[in-house]
Amino acid sequence: MSTFALKSFTGLRQSPTDQITFVSHVPSSLSRSQRRTSLRVTASRASPKLANRSLRVAVIGGGPAGGAAAETLAQGGIETILIERKMDNCKPCGGAIPLCMVGEFNLPLDIIDRRVTKMKMISPSNIAVDIGRTLKEHEYIGMVRREVLDQYLRERAEKSGATVINGLFLKMDLPEEWDSPYVLHYTEYDGKTGATGQKKTMEVDAVIGADGANSRVAKSIGAGDYDYAIAFQERIRIPDDKMTYYEDLAEMYVGDDVSPDFYGWVFPKCDHVAVGTGTVTHKGDIKKFQLATRNRAKDKILGGKIIRVEAHPIPEHPRPRRLSKRVALVGDAAGYVTKCSGEGIYFAAKSGRMCAEAIVEGSQNGKKMIDESDLRKYLEKWDKTYLPTYRVLDVLQKVFYRSNPAREAFVEMCGDEYVQKMTFDSYLYKRVAPGSPLEDLKLAVNTIGSVFRANALRREIEKLNV
Amino acid sequence: MSISMALFSPPISSSLRNPYLSPKNSLSLLSVTRASSDNGASTTDSAAVSATTVEIPKPASVTVEEVPSKSPAESSSDETDLPTTETGIKFEDAKWVNGTWDLKQFEKDGKTDWDSIIVAEAKRRKWLEDNPETTTNAEPVLFDTSIIPWWAWMKRYHLPEAELLNGRAAMIGFFMAYFVDSLTGVGLVDQMGNFFCKTLLFVAVAGVLFIRKNEDLDKLKGLIEETTLYDKQWQAAWKEPESSSSTVSSKK
């Protein structure tokens, strides 16, 4: 086996040359764990020490992923440069963050505009179910303004020692030798040279691509494409008495009229509501879906003024290649958005942090050069921790967003207290809590019942059509 | 039986529903524009709602209060007012009271006639699919299909279908048993002891259960591919560079 041959080599040969043979061409017939243990043991020991300088890492993109990554890198003693193209960018976003993010990232409570503690799910036939009865006093879903959150995380990164540059990343020259640096081409906006900015280059040892769904870093490394949904949102300022209804309540509308494979929403923001919808398969009809969403919520947003219209792509699954040599993708650039709920902020920040931690560890706080195997550790850890969550949400989307009867059954089931408790537990704390088997059995029976009833009603509807 | 006849008719799959989307939505569009032209039309809704609508200016372009900065994709810089009046189309039925079906009105011979409730709910859902309606806090929809007892659902839907499928299985079983007997001379009792025959039996039962129409074959193949697709997309990062150069994308 090649692994044994390689192991015997490390004793005899000099460290730098070993590295080249390792990283590529491990036979895929080896099981994943086998492959990884063989890589893990020898790679980091073999990396050369950097003489007279720390590792230089560039983080492209200053959203939650970039900000979190830059902060962790800087705290780990690595020379960090964060490049962000628009410092006051109001990224079109639902803006919901789970409770665990506040704790894990030490977010100050004044960043959160609203605490949503109640949700309403509304089925195609307008059956409304209230969710949130099981939430405890201190539990909530935080609604933030992206410009506020992003700015805060960037400032924290800067305070930890990262250099924040206002610039637009253009392209990247890949290194020819294994130890050559990456050359980044970017346009720096510094106010003095005006709107067009100044073209500059920078040499770095590693790159974290945190530049979102249309990532240029991903294009530079040939990461491949993903399917994406279009999320379309209108911000509507509604009269104060209607706003009190949305004080701490968010709504989700499901139905063929609102979206064939996603949901329409009304989320409260600081002083207005965001009404939107999304779709993967019928992007051309998005305006129709938006009108339908507004129609369903019409009474509750009556007399409102649309103050802004925005849209943005949302990745549906990770890109085929999430890293390449010493470049790694995190957040939306990697495609870490869950299905079913379309949640991305927490996963972006967490992946940024995890990738940065892997770099800090692999380089021993910036003293050594890293290589692809160190970044692969981040991918490994990420997949191990969150793949079950992604899988469960994918199954939920496939089963419950397929058709109107499925959505009716979904809404019916969400009325069940056990379901609410499990859902909120897993959303707020990002852990798959073990429920009681008896309740799980009851839930399974109820699910089958709901789905059966909804499909039976659909058959009845079809009979009426004939 | 009428229900079994309905089962023979081709299913209106969700993909076919989409042609209905345009007329449905153009209907709602029409109703929206009709509403905006009915300035201050009286409605059946609560007085509080109509009181607040009077103050808001009519839907015409208003002076721009906020000019939002350029967003990555679409953005419009006018303020648009939403239509401020109600549409006339609403689901109404004498037996639909306070957002649920009034069970007392469905009694027949002193007992609730569950079948008619099921049909009434189906009519309501069909109406709403064709004319999507706004939800209101004043009249929330509270109907829960689980109030209809399980045996009513069984009697109406499961039993006829079970009868149909069992009939099919029996016919297939009889003729297969005869066919195998005529070919091999092995009688029914001896067939049941044979492993190959038992496999054939299992395949026949599974076939009757899962393949009820011609389209089901393709649907099943699609389902199997669909269940494994997401995993494949995640594992793509772990594949060899050569194989991952061809991107793994889903065929929708």
Side-chain angles (χ1 to χ4, degrees), chain A residues 28 32 90 92 122 124-128 224-225 227 239 241 245 255-257 281 285 288 291-292 294-312 317-318 320-322 379 383 387 391 394 398 402-404 412 452-453 456-457 459-466, chain B residues 6 9 12 14 17 21 24-25 28-29 32 49 52-53 56 66 68-69 71-76 79-82 84 118-119 121-126 128-129 132-137 140-141 143-146 153 156-157 226 230 233-234 236-241 244 247-250 252:
Chain A
S28 50
R32 269 176 40 202
C90 300
I122 296 159
S125 65
N126 284 340
I127 295 176
D225 278 325
D227 301 314
D241 54 335
Y245 170 69
D256 264 338
D257 56 331
T281 48
D285 294 330
K288 271 192 263 191
L291 272 167
R294 267 205 264 136
N295 186 39
R296 291 263 231 124
K298 183 155 66 166
D299 252 22
K300 289 174 263 190
I301 57 174
L302 208 52
K305 285 191 186 49
I306 300 178
I307 56 179
R308 194 188 161 98
V309 177
E310 51 198 17
H312 203 82
H317 63 85
R321 292 178 78 192
R322 286 176 270 156
L379 269 196
D383 281 8
L387 195 51
R391 278 212 191 103
D394 176 56
K398 283 206 182 83
R402 320 182 79 85
S403 59
N404 270 353
E412 242 182 57
F452 180 77
R453 286 195 296 265
L457 275 168
R459 287 210 290 234
E460 200 64 49
I461 292 176
E462 283 168 20
K463 269 202 311 186
L464 290 171
N465 277 335
V466 164
Chain B
S9 59
I12 304 176
S14 52
R17 278 209 195 284
L21 260 179
K24 249 192 281 174
N25 279 294
S28 62
L29 262 174
V32 163
V49 171
T52 52
T53 61
I56 310 298
E66 274 169 53
S69 44
S71 61
E74 312 177 37
S75 76
S76 92
E79 281 192 12
T80 332
D81 281 340
L82 298 179
T84 54
I118 294 177
V119 176
E121 176 66 11
K123 285 211 186 97
R124 185 184 79 90
R125 288 193 183 183
K126 176 168 150 52
L128 283 176
E129 265 184 31
E133 221 176 78
T134 169
T135 59
T136 74
N137 292 329
V141 174
F143 180 64
D144 181 3
T145 54
S146 54
W153 295 100
R156 197 175 167 84
Y157 297 103
E226 207 185 296
Y230 196 57
Q233 289 167 338
W234 271 86
W238 298 103
K239 286 210 184 38
E240 281 296 293
S244 63
T247 57
V248 179
S249 59
S250 66
K252 284 222 160 72

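By convention in this document, chain letters (A, B, ...) are assigned in the order of the sequence lines, proteins followed by strands, and residues within each chain are numbered from 1.
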4.5 Å side-chain heavy-atom contact, [X] and [Y]:
{"X": "A/D227", "Y": "B/Q233", "result": "yes"}
{"X": "B/E226", "Y": "A/K398", "result": "yes"}
{"X": "A/R322", "Y": "B/W234", "result": "yes"}

So, does B/N137 use its side chain to make a donor-acceptor pair with the main chain of A/K300 at under 3.5 Å? no
Would the distance check show the side chain of B/K126 and the main-chain N or O of A/L464 forming a donor-acceptor pair, the cut-off being under 3.5 Å? no
Do B/S146 and A/E412 pair up side chain to side chain, a donor and an acceptor below 3.5 Å, judged on atom types alone? no
Apply side-chain contact (heavy atoms from CB on, under 4.5 Å) to the pair B/Y157 and A/R453, showing each step before the final yes or no. CA-CA 9 Å; B/Y157 297 103; A/R453 286 195 296 265; over 6 Å; no
Roughly how far apart are [X] [atom1] and [Y] [atom2], rounded to 0.5 Å?
{"X": "A/L302", "Y": "B/T136", "atom1": "CG", "atom2": "OG1", "result": "11.5 Å"}
{"X": "B/L128", "Y": "A/R296", "atom1": "CG", "atom2": "CZ", "result": "8.0 Å"}
{"X": "A/L457", "Y": "B/R125", "atom1": "CG", "atom2": "CZ", "result": "5.0 Å"}
{"X": "A/S125", "Y": "B/E129", "atom1": "OG", "atom2": "CD", "result": "9.0 Å"}

Heavy-atom contact with chain B under 4.5 Å, split by part of A/P318: both
A/A297, part contacting chain B, at a heavy-atom distance under 4.5 Å: backbone
Looking only at heavy atoms, what is the nearest atom pair of [X] and [Y], with distance?
{"X": "B/T134", "Y": "A/K298", "result": "OG1-N, 3.3 Å"}
{"X": "A/L379", "Y": "B/A237", "result": "CD1-CB, 4.0 Å"}
{"X": "B/T135", "Y": "A/D299", "result": "O-CB, 3.6 Å"}
{"X": "A/N126", "Y": "B/E133", "result": "ND2-O, 3.1 Å"}

Side chain to side chain donor-acceptor pair (under 3.5 Å) partners of B/W153, counting only residues at least two apart: none
Examine whether an atom of B/R124 lies under 4.5 Å from a heavy atom of chain A, and if so say whether it belongs to the side chain, the backbone or both; otherwise answer neither. side chain
